[in-house]
Number of protein chains: 2
Amino acid sequence: MGGGGDQGGRESRVRVDLTAVVIAMRDGEPHVLTVANDGASGVALPFGPLQAGHPTLQTGLRRWVEDLTHRKLGYVEQLYTFADHAPFQPNADHGADHQTISIAYLALAASPEDSATLQGRWRRWYGFFPWEDRRGGGPAARAHLLERLFAWAEAQRDAGDADCVERVRLAFGADGAAWDEERALERYEMLYEADLAPEAALDLGLEPSAAANGMPGLPMFADHRRILATAISRLRAKIKYRPVLFELMPAAFTLTNLQRTAEALSGVPLHKQNFRRLVAQQGLVEDTGAMATGTGGRPAKLVRFRREVTVERPAPGVRLRATRRGSYP
Amino acid sequence: MGGGGDQGGRESRVRVDLTAVVIAMRDGEPHVLTVANDGASGVALPFGPLQAGHPTLQTGLRRWVEDLTHRKLGYVEQLYTFADHAPFQPNADHGADHQTISIAYLALAASPEDSATLQGRWRRWYGFFPWEDRRGGGPAARAHLLERLFAWAEAQRDAGDADCVERVRLAFGADGAAWDEERALERYEMLYEADLAPEAALDLGLEPSAAANGMPGLPMFADHRRILATAISRLRAKIKYRPVLFELMPAAFTLTNLQRTAEALSGVPLHKQNFRRLVAQQGLVEDTGAMATGTGGRPAKLVRFRREVTVERPAPGVRLRATRRGSYP
DNA sequence: CGCCTTATAGTCAATCTGAGCATAAGGCGA
DNA sequence: TCGCCTTATGCTCAGATTGACTATAAGGCG
């Protein structure tokens, strides 16, 4: 893999797939577009072989996904290129025959109504990563997960990996460590290594271990759950310094809508007043003049995103500040 | 390009290249490893066809580059996957025959002594991007570049792209706009679009335009200068939130050494006292006990990187704060 | 021995941030 | 109709962070 230009190695042409993580909000929850797959693990991200004929990968992917979803994509970004469907599987024995490269993209779409023409199905992303939702509730399941994970980490420590317990503690914000919502990928990789993700066993051609069977979170085809975790990490980081959040919002929305979206993506409750101050200070939105009624209290202003900021400001994101107390008042 | 799993399109196997951007410090300046290339544009990044046999792309690349440079790499990160050697060339006519995917990696190496066994040559990175060095001097050449660029932008504006002049102003920090060192890629892409990079003409099979001929900065083979710009942007961003800077330092160094390295990479002068405060506060280094003599003044403490922070802190980077005045005292 | 150079410590004001209280304005039930 | 519940929005305040400066330390060198 990789060599000087002319050292005579077999220059194998490989199969290249595109994989798309398409995110949209429905009912205030982030959803991801999935397709049915023939294999045992039914749920998959949309993927397909790379085909020639587009000037760039990005425009090609955009066209393809827009055909699939029948709606315009607001934002497209390359995520990562994976060399195989189980990139960090230690004892892989795949020969040069079936080597596959898969180039993963993140795409954001406006909220979809259910259209009959859609090929695929939107699924709540926390269905795949329940432990990533820290907005409230469910600490019991989390405790169970941590227990399993620490048991594995202690075994690793005894086997020579001194830092393993500490790494788990920090990644999962246990025992007083701060929770960093951006480390979603790292957390998934830890669970995978600990054999607590059913895919880990499936990749080896085994039945899922007893441990993995009881674990929360839907598995996905091949390494698609890892790709989704990559997307979540990237998106959670990105909304803090780029105005991508607005690609998921309707044309007009209230500041609370915006905050709920930010919270749903990052999985963390935010401080209301400070969130508003930040959005206002950065000049990210402007009044539409209309008001939203039926919110159950005082009507809220409907605002719209100021597209101009994309030009005028270098880094106008929605900086997220989690409340210290970590729950709604 | 991209399609559903089984929609019967030609599933063309494509050629996949790895390209490496290997960075090291020499004489206080960042250098990049280059190789001679047969083509007209002599200077290229090391690249070669992907070869099977490694568990992950990353370890394969690491092995390959370590063979090339005869030294351990401190850090390896995937940069981007390019679909063709001129990804944003509008009127490309490449058929499906010679489609090439190129996966680019960023690698950091400790300072190299010149070894006879090295295949390749280290070159100062600002030789390729003189306008990216804002540590002092040379505003004359920069003014010349800006003049050319604004001339192009005004033509674009008259042709219908209303924001073009403003985008140039913001990207290049002209007319009072703040300079953002992380936008190196964006700046290169603008120069390319403006036909002020010789590669832009070469890609179209033409002689470099008169405009491009007079422009500063060495051109590179194919899209390698764009890949290098991607690496520079990524590295300049990364040193602010991850301790990658230390991968480029020797085992023991002074705080001034560290600051000079940070300045050389980011291309911006930093405020000395605040830089020290930041490094100290974050606990990134510890005393070795030894002192550095021969610095021309009071001897400085020699410190070393605290490897532990990689485990203990989630985001321990060297936050760079440019001085407002923008030059050394 | 005084002066030049660089290293390092400490101070201070402006700003930012996290968190609180207070008030506004709709709906709804008694 | 009036008070109460709910959400929206405005304002304050203390502590932390940041940008910039001053002062002192400790080598080398004429």
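So that the names make sense, note that chain A is the first sequence line, chain B the second, and so on, each numbered from 1.
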Checklist entry - Can you tell me the Watson-Crick or wobble partner of dG29(C), both distances under 3.5 angstrom? => result dC2(D)

Next on the checklist: From the set dA7(C), dC13(D), dG20(C), return the single nucleotide nearest to any side-chain atom of A300(B).
Outcome noted: dA7(C)

Next on the checklist: In whole Å, I'd like the distance from the CE atom of M291(A) to the C1' atom of dA25(C).
Outcome noted: 9 Å

Next on the checklist: Strictly by Watson-Crick or wobble contacts shorter than 3.5 Å, is anything paired with dG30(D), and which nucleotide is it?
Outcome noted: dC1(C)

Checklist entry - Expressed in angstrom and rounded to an integer, what is the separation of R276(A) atom CZ from dT23(C) atom C1'? => result 14 Å

Next on the checklist: With a 4.0 Å limit, can you tell me whether K272(A) has a side-chain N or O closer than that to the phosphate oxygens OP1/OP2 of dA8(D)?
Outcome noted: yes

Item to check | Main-chain N/O of R304(A) paired to T288(A) side chain as donor or acceptor, under 3.5 Å | outcome: no

Checklist entry - What is the distance from CD of Q273(B) to P of dG19(D), rounded to the nearest Å? => result 13 Å

Checklist entry - Within this structure, what is the CG-to-P distance between L258(B) and dT8(C), rounded to whole angstrom? => result 12 Å

Checklist entry - For T254(B), which contact category applies under a 4.0 Å heavy-atom criterion: base, sugar-phosphate, or nothing? => result nothing

Item to check | Between P of dT11(C) and CZ of R277(B), the distance in whole Å | outcome: 13 Å

Next on the checklist: Rounding to an integer number of Å, can you tell me how far L302(A) CG sits from dA8(D) C1'?
Outcome noted: 13 Å

Next on the checklist: In whole Å, I'd like the distance from the CG atom of N257(B) to the C1' atom of dA7(C).
Outcome noted: 12 Å

Checklist outcome for this item: Of dG19(D), dA8(D), dA26(D), the nucleotide closest to the side chain of P299(B) is dA26(D)

Item to check | Heavy-atom donor-acceptor pair, R187(B) side chain to F172(B) backbone, under 3.5 Å | outcome: no

Next on the checklist: For L270(A), is there any backbone N or O sitting under 3.5 Å from a side-chain donor or acceptor partner on E263(A)?
Outcome noted: yes

Checklist entry - Pick one: which of L265(B), L108(B), L106(B), I23(B) meets side chain to side chain contact (heavy atoms under 4.5 Å, CB included) with V244(B)? => result L108(B)

Next on the checklist: Tell me whether the side-chain N/O atoms of T293(B) come closer than 4.0 Å to OP1 or OP2 in dG28(D).
Outcome noted: no

Item to check | OP1 or OP2 of dT8(C) under 4.0 Å from side-chain N/O of K301(B) | outcome: no

Checklist entry - Under 4.0 Å between a Lys/Arg side-chain N and an Asp/Glu carboxylate O for K301(B) and D287(B)? => result yes

Checklist entry - Is R298(B) near enough to dT5(C) that one of its side-chain N or O atoms lies under 4.0 angstrom from OP1 or OP2? => result no

Item to check | Between P of dT11(C) and CG of N274(B), the distance in whole Å | outcome: 15 Å

